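For clarity, every value in this text was computed on a predicted model and none was experimentally measured.
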Amino acid sequence: MRYSKERKEAVLKKMMPPHNRSIIELAKEEGISEAALYLWRGQVRERGLLLDSDRAPEGWSARDKFNAVVESAAMNESELAEYCRRKGPYPEQLAPLAQELRDGRRLGPRSEPPAEKRAEGRSQAYPPGRT
């Protein structure tokens, strides 16, 4: 089934703060399949536009964490408060994410290990001169 851009945007807004409606709830209310709603949310998240505010930042993807840190990096206190109201996290939750980035630690389950770690693993699995 096809839905207009306006309808999709209206439903997606209900997923975001301050509403934070669940997909199951929206599917029943709007008469749209849960699969379609998960797909729409995934497409929006791929563009970095929607944080999954159902979970704490510890459960966010590496992309969401990175986007939140980059988007909020240059904000003053009032801008940061407004950003957090729109996106869902608390300001004190963003500072540890920024520190993770500065330290070069993995941001989440989908992040890749540093290049040197990948290279180490390969060099042990395949001795020099053998592939």
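- By the side chain to side chain donor-acceptor pair (under 3.5 Å) test, Q99 pairs with R102, D103, sequence neighbours left out.
- Here the straight-line distance linking atom CG of L97 with atom CG of N67 works out to 11.5 Å at 0.5 Å rounding.
- Between the CD atom in E100 and the NZ atom in K65 there is a gap of 5.0 Å [rounded to 0.5 Å].
- Note that the CG atom of L26 and the CG atom of L12 stand 9.0 Å from one another [nearest 0.5 Å].
- The backbone N or O of A68 lies less than 3.5 Å from no partner atom in the side chain of E71, so there is not a single donor-acceptor pair.
- For S4, the side-chain contact (heavy atoms from CB on, under 4.5 Å) partners two or more places apart in sequence, or in a different chain, are E6, R7.
- Annotation: side chain of L37 is not in contact with side chain of S33 (no heavy-atom distance under 4.5 Å).
- Shown here is E92, whose CD atom has more than 12 heavy atoms of other residues, nucleotides or ligands within 6.0 Å.
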task = Tell me, with the steps shown, if K14 and E25 meet salt bridge (charged side-chain N to carboxylate O under 4.0 Å, His left out).
result = CA-CA 10 Å; K14 292 179 182 182; E25 185 180 356; over 6 Å; no

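- Taking CG from L94 and CE from M75, the interatomic distance works out to 9.0 Å, rounded to the nearest 0.5 Å.
- A donor-acceptor pair is defined here as one N or O able to donate and one able to accept, closer than 3.5 Å; no such pair exists between the side chain of E30 and the backbone of A27.
- Annotation: side chain of V44 is not in contact with side chain of K8 (no heavy-atom distance under 4.5 Å).
- Residues satisfying the ring-ring contact (aromatic ring centres under 6.0 Å, His included) test with Y3, not counting sequence neighbours, are W40.
- Using a 4.5 Å heavy-atom threshold, the side chains of N76 and E79 count as touching.
- Taking CD of E82 as the start and OG of S72 as the end, the distance is 13.5 Å to the nearest 0.5 Å.
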